[in-house]
**Student:** 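Pasting a structure below so you can have a look.
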Amino acid sequence: MIEVIKSVDDLSRQKWDVLVPTMGALHAGHQSLIKLGKNLGEKVIVSIFVNPLQFENKADLENYPKSFDQDLQMAQEAGATAIFSPSESDIYPGQIEKIEAGSVGDIFEGKSRPGHFSGVLTVVKRLFDLVNPKHAVFGEKDFQQLFLIKKMVNDFKLPVNIVSAPTIRDSSNLALSSRNSRLSDEDKKVAQVIYQALTQNNIDDARKLLEKVDGFSLDYLEAIDEQSFNLATPDAKNKRLIIAGWVNGVRLLDNAVVE
Ligand code: PAF
């Protein structure tokens, strides 16, 4: 039976091999992170904490889906040892020492969501300090988040190994996200254009496709250099196409390697 840990004292009585940080509303994408975690170590803990600090938009925070009982079941099914479900005062007991996300924190996702990455890094660092895992697993779907977490671990020399896991898609190739639960079937059809764009031969065709679909509102589409997260120059070794946009008010992100 999966253990539910609510207090920091109970958490620190045990040693954890792997942390999978989440904001709940678990889906098959999260389960793939937990399963990957199980290959890295025996004791896998999944944190569930909807972090107010990373929501610049109050309505988005309030509308964030919550499904704790189902989360427990899904985490257990995937092989997690425990769920850590802290209160806001466990995570932020006193004055918050915010982690700055630097210049990459202000572009693309960070430009549209000011302060978002500082909020993400602050909570992730706090979770690392509390759980002290050997490994932590994050999905590639939030590629800029993954880049900034790796950078923070490197900058602060944190004793944790960051492992990334590929994006999981549904049968229509829509990247799984907790926010998808707010999409109607019609919205999901519109959202299919994201993957179609990612599989075009060039960025101009991808942009044309995204701009012509009714109901999809493009925020950004860019090819970035995975090394620096800056716009890719033609000679960049590892390039990735990143996309963000809205369908019916729901923000969706995706990315793919440029072959
Ligand atoms: O990707 C997420 O779900 C969140 O940004 C994270 C990493 C759990 C931090 O709140």
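Start at 1 and go down the list; that is how both ligands and their atoms are numbered. On a predicted model such as this, the values are computed, not experimentally measured, just so you know. The figures here come from the full heavy-atom set of this structure, side chains too, leaving out hydrogens, waters and symmetry mates.
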**Student:** Find all atoms of ligand 1 within a distance of less than 4.0 Å from any non-hydrogen atom belonging to Val123, and give their numbers and elements.
**Tutor:** 9 (C), 10 (O)

**Student:** Roughly how far apart are Phe143 CZ and Ile224 CD1, rounded to 0.5 Å?
**Tutor:** 6.0 Å

**Student:** I need the minimum non-hydrogen distance between Ala165 and Val137, along with the two atoms involved.
**Tutor:** CB-CG1, 4.3 Å

**Student:** Under 4.0 Å from a heavy atom of Gln54: which atoms of ligand 1 are those, numbered in the order shown and with their elements?
**Tutor:**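 Listed by number with element: 4 (C), 5 (O), 9 (C), 10 (O).
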
**Student:** Over 60° means perpendicular and under 30° means parallel, so tell me whether Tyr220 and Phe108 are parallel, tilted or perpendicular.
**Tutor:**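 Judged by the thresholds at 30° and 60°, the geometry between Tyr220 and Phe108 is tilted.
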
**Student:** Using every non-hydrogen atom in the two residues, find where Ala191 and Leu252 come nearest and quote the distance to one decimal.
**Tutor:** CB-CD1, 3.8 Å

**Student:** What's the shortest distance from atom 7 (C) of ligand 1 to any protein heavy atom, and which residue and atom give it?
**Tutor:**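 The protein heavy atom lying closest is Gln145 NE2, 3.5 Å.
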
**Student:** Looking at side-chain heavy atoms only, is the closest gap between Gln144 and His116 below 4.5 Å?
**Tutor:**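 No. Closest side-chain heavy atoms not under 4.5 Å.
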
**Student:** Quick check: does Thr22 get an N/O under 3.5 Å from an N/O on ligand 1?
**Tutor:**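 No; every N/O pair is 3.5 Å or more apart.
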
**Student:** Give yes if a backbone or side-chain nitrogen or oxygen of Asn51 is under 3.5 Å from a nitrogen or oxygen of ligand 1, and no if not.
**Tutor:**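 Asn51 vs ligand 1: no N/O contact under 3.5 Å.
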
